[in-house]
J.: 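Here it is, the structure in full.
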Amino acid sequence: MAGLKELRTRIEAIKSTQKITSAMKMVAASRLRRVQILVDKNQDYAENLRRSALRVLTEIEQEEQEKGIRYIRPSLLQKSRKEQNYELYVFSSDRGLCGAYNSNVAKKAVERIKNLRQQKKNIKVICIGKKAYDIIRRIFTDLDITLSANLGKDVSYAEAATRLGQYILQRFQNHDFDVCEIIHAQFESAISRTFEDEQVCPLQLKHSGENLEDINRSGNAFYEYLPDKLTILEQIVPIIFEDTIFQALVNSAASEHGARMSSMDNATRNAKKMISDLTLKYNSLRQSAITTELIEIIAGADAV
């Protein structure tokens, strides 16, 4: 009967674990829904911002070619001549139990670090999240790696983006680095995400692949600007920079919650299967024990 007791204890332990993983799955799903709303709402806003800035920048470049003049770009768009000192910000999680999410972020960061080392660049890594920090520090023992100060558990994503954006911008203006890149997850769905390396200083304006020759007009109508193009560009570029940080934060959060929800769902299913298998084994052993006892009783009665 000792075997039956051990199986019964193990089944109860797995049932308890199943309750925990099921609860964690529901919590992750609830958090994912909230963050996903921010991701969806910000997508069109961010695309329109970048489209507007790219339109102005394209017209400025066309004027420079036609008139043979040179405009002074906003500081966030000005490239350093040497591009020797790199600062990498890696967005990961402080907690585990989210599958391969943190290891994939760290893998992307490690690939970029190795690539920059081959180019003989100076690298400083700042980790937003403890998990990637532990992995990268274990691989590169001689690298300058720091764990960012806590942005605050009660701080909104917008406030966190503003704080981090101001910190990065201040270091860029102080010439503490030449190029700044952020490595983060790009949320696609609860079970799908990609991992990107995005340059934010100097800011790179990306577009959706449209024809740049037609970007400065809508149909047959051309855009006019008030105030002048350069003033508009100077005002919109810092907003895009801060929004890029915001997007990295919310996409990382959504990817983390999606990965944790998927991981806990798999754990719950596995626990259910284990309980089923162990229950079947328990019933089989119990039936064997009962049969053995009956045989012993009948044999004793026959002997009398």
J.: Test question: given the 4.5 Å side-chain rule for I, L, V, M, F, W and Y, name all other residues clustered with Leu97, or answer none.
T.: Ile20, Met24, Met264

J.: Go through the steps for Phe177 and Phe172 under the test ring pair (Phe, Tyr, Trp, His ring centres under 6.0 Å), then give the verdict.
T.: CA-CA 6 Å; Phe177 58 81; Phe172 183 59; 5.7 Å; yes

J.: Does Arg73, at its CZ atom, have more than 12 non-hydrogen atoms belonging to other residues, nucleotides or ligands within less than 6.0 Å?
T.: yes

J.: Could you check whether any side-chain heavy atom of Val105 comes within less than 4.5 Å of a side-chain heavy atom of Val90, counting everything from C-beta outward?
T.: yes

J.: Is there a donor-acceptor contact under 3.5 Å from the side chain of Lys114 to the main chain of Ala109?
T.: no

J.: Does the distance from a Lys or Arg side-chain N to an Asp or Glu carboxylate O, for Lys130 and Asp94, drop under 4.0 Å?
T.: no

J.: Evaluate whether atom NZ of Lys281 has more than 12 neighbouring non-hydrogen atoms of other residues, nucleotides or ligands under 6.0 angstrom away.
T.: no

J.: Quick one: do Gln18 and Lys272 satisfy side chain to side chain contact (heavy atoms under 4.5 Å, CB included)? Show the steps, please.
T.: CA-CA 7 Å; Gln18 184 186 30; Lys272 183 178 179 180; 3.5 Å; yes

J.: Short question: side chain of Thr291, backbone of Gln287 - any donor-acceptor pair under 3.5 Å?
T.: yes

J.: Let me check something: do Ile239 and Leu203 share a hydrophobic cluster, defined by ILVMFWY side-chain heavy atoms less than 4.5 Å apart, either directly or through other members?
T.: yes

J.: Do the side chain of Asn42 and the main chain of Leu38 share a donor and acceptor less than 3.5 angstrom apart?
T.: no

J.: For the pair Tyr133 and Ser148, evaluate side chain to side chain contact (heavy atoms under 4.5 Å, CB included) and give the outcome as yes or no after the intermediate values.
T.: CA-CA 9 Å; Tyr133 171 75; Ser148 174; over 6 Å; no

J.: Could you please spell out the steps behind the side chain to side chain contact (heavy atoms under 4.5 Å, CB included) verdict for Ile145 and Lys124?
T.: CA-CA 6 Å; Ile145 308 172; Lys124 178 179 175 63; over 6 Å; no

J.: Among the clusters formed by ILVMFWY side chains lying less than 4.5 Å apart, do Leu249 and Ile37 turn up in the same one?
T.: no

J.: Tell me whether Met261 is reachable from Ile191 by hopping between hydrophobic residues (I, L, V, M, F, W, Y) whose side-chain heavy atoms are closer than 4.5 Å.
T.: no

J.: Side chains of Arg117 and Leu143: does their closest heavy-atom pair fall under 4.5 Å?
T.: yes

J.: Is Leu230 reachable from Ile69 through a run of I, L, V, M, F, W or Y residues, each pair having side-chain heavy atoms under 4.5 Å apart?
T.: yes

J.: State which residues pass salt bridge (Lys or Arg N to Asp or Glu O under 4.0 Å) with Glu87; sequence neighbours excluded, sorted by chain then number.
T.: Arg171

J.: Between Phe187 and Gln36, is the side chain to side chain contact (heavy atoms under 4.5 Å, CB included) condition met? List the steps.
T.: CA-CA 9 Å; Phe187 177 79; Gln36 193 172 359; 3.8 Å; yes

J.: Checking Ser263 side chain against Ala259 main chain: does a donor-acceptor pair fall under 3.5 Å?
T.: no

J.: Linking I/L/V/M/F/W/Y whenever their side-chain heavy atoms sit closer than 4.5 Å, directly or via other members, would Ile72 and Tyr225 fall into one cluster?
T.: no

J.: Could you tell me whether a side-chain N or O of Ser30 sits under 3.5 Å from a main-chain N or O of Met26, the two making a donor and an acceptor?
T.: no

J.: Any donor and acceptor pair, going by atom type alone, linking the side chain of Asp178 with main-chain N or O of Gln84 inside 3.5 Å?
T.: yes

J.: Which residue pairs pass the ring-ring contact (aromatic ring centres under 6.0 Å, His included) test when at least one of the two sits in residues 71-109, sequence neighbours left out?
T.: none

J.: Less than 4.0 Å between a side-chain N and a carboxylate O, is that true for Glu83 and Lys121?
T.: no

